[in-house]
Amino acid sequence: TRKLEQANAEKKHRLREEARRLREQYNAEVDNELLEQARVVVERFSDRLAVLQEEADRQRQRLEKEAQELMKESQRYYHFKAEARRLLGSSGSLMPSLGWGGRRGYGGYGP
């Protein structure tokens, strides 16, 4: 019976070691799978972020161009307004009818 007990104890020990080894192997495989999934997610996120940054750059460039065009248009308007005042005189009779009356609100508009 002593030999049988020792054989059972050794078998139990081998089974525990095998179970531990299999558990570690399974955990390593799960870890590797999770790492691969995380890598794929990060790669997709990076790709999407790059696309969004490109789109933001295009929109920023478009808005900067529109702002420059508006500034040019504004300058043309004020040059036109100054030229009209010069030609008509600051108290010209046409000025109020054109909405450019002397003290009427910001930029000559309004009451």
Side-chain angles (χ1 to χ4, degrees):
T1 62
R2 178 87 178 152
K3 262 188 172 180
L4 188 58
E5 286 176 0
Q6 187 175 358
N8 282 340
E10 287 175 6
K11 185 176 181 181
K12 192 175 182 181
H13 179 71
R14 279 194 312 272
L15 288 173
R16 283 185 178 156
E17 285 297 312
E18 180 67 12
R20 183 189 58 75
R21 188 186 64 75
L22 290 173
R23 200 168 36 250
E24 288 175 357
Q25 179 182 346
Y26 172 79
N27 287 341
E29 289 173 4
V30 168
D31 286 348
N32 287 337
E33 180 63 28
L34 290 174
L35 286 172
E36 177 60 20
Q37 289 175 4
R39 186 194 63 75
V40 168
V41 167
V42 167
E43 188 176 292
R44 287 181 184 163
F45 176 78
S46 295
D47 292 347
R48 181 69 180 137
L49 183 60
V51 167
L52 291 173
Q53 286 174 333
E54 289 172 6
E55 178 62 25
D57 286 344
R58 281 193 296 275
Q59 287 184 7
R60 179 186 50 77
Q61 290 171 358
R62 181 182 56 80
L63 290 173
E64 285 175 354
K65 184 178 177 182
E66 286 180 17
Q68 289 173 354
E69 290 172 3
L70 286 172
M71 288 298 291
K72 287 178 185 175
E73 189 175 323
S74 176
Q75 288 174 350
R76 283 193 300 269
Y77 165 76
Y78 284 109
H79 288 307
F80 168 77
K81 187 175 175 182
E83 183 65 12
R85 283 183 190 235
R86 187 185 67 75
L87 292 174
L88 296 173
S90 61
S91 61
S93 61
L94 288 178
M95 297 297 268
S97 66
L98 293 175
W100 295 335
R103 295 187 178 156
R104 291 179 23 182
Y106 177 77
Y109 292 105

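Positions are given from 1, in the same order as the sequence printed here. Just so it is clear, the structure is predicted and the values come from calculations on it, not from any experiment.
Residues forming a side chain to side chain contact (heavy atoms under 4.5 Å, CB included) with Arg21 (at least two apart in sequence, or on another chain): Glu18, Gln25. Every residue meeting the side chain to side chain contact (heavy atoms under 4.5 Å, CB included) condition with Glu54, not counting sequence neighbours, appears here in chain and number order: Arg58.
Going from atom CG of Leu88 over to atom CD of Glu83 covers 9.5 Å, rounded to the nearest 0.5 Å. With rounding to the nearest 0.5 angstrom, the CG atom of Leu52 is 11.0 Å from the CG atom of Asp57.
Put simply, the side chain of Gln53 reaches to within 4.5 Å of the side chain of Leu49, judged on heavy atoms. Counting only heavy atoms from C-beta outward, the side chains of Lys11 and Arg14 approach each other to under 4.5 Å. His13 is not listed as a side-chain neighbour of Arg16, based on a closest heavy-atom distance of 4.5 Å or more.
Looking at Arg76, Gln75, Lys81 one by one, the single match for side-chain contact (heavy atoms from CB on, under 4.5 Å) with His79 turns out to be Gln75.
Residue pairs meeting the salt bridge (Lys or Arg N to Asp or Glu O under 4.0 Å) criterion with at least one member in residues 43-53, sequence neighbours excluded, are Arg39-Glu43.
Ion pairing between a basic and an acidic side chain is recognised when a charged N comes within 4.0 Å of a carboxylate O; Lys72 and Glu69 show no such pairing.
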Self-check item: Intermediate values then yes/no, side-chain hydrogen bond (donor to acceptor under 3.5 Å, both in side chains), Glu33 and Gln37
Solution: CA-CA 6 Å; Glu33 180 63 28; Gln37 289 175 4; 3.2 Å; yes
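Side-chain polar atoms of Glu55 and Gln59 form a donor-acceptor pair below 3.5 angstrom.
Follow the hydrophobic side-chain contacts under 4.5 Å out from Tyr78 and you never reach Leu87; the two are in separate clusters.
Checked by atom type and distance alone, the side chain of Ser46 pairs as donor or acceptor with a backbone atom of Val42 at under 3.5 Å.
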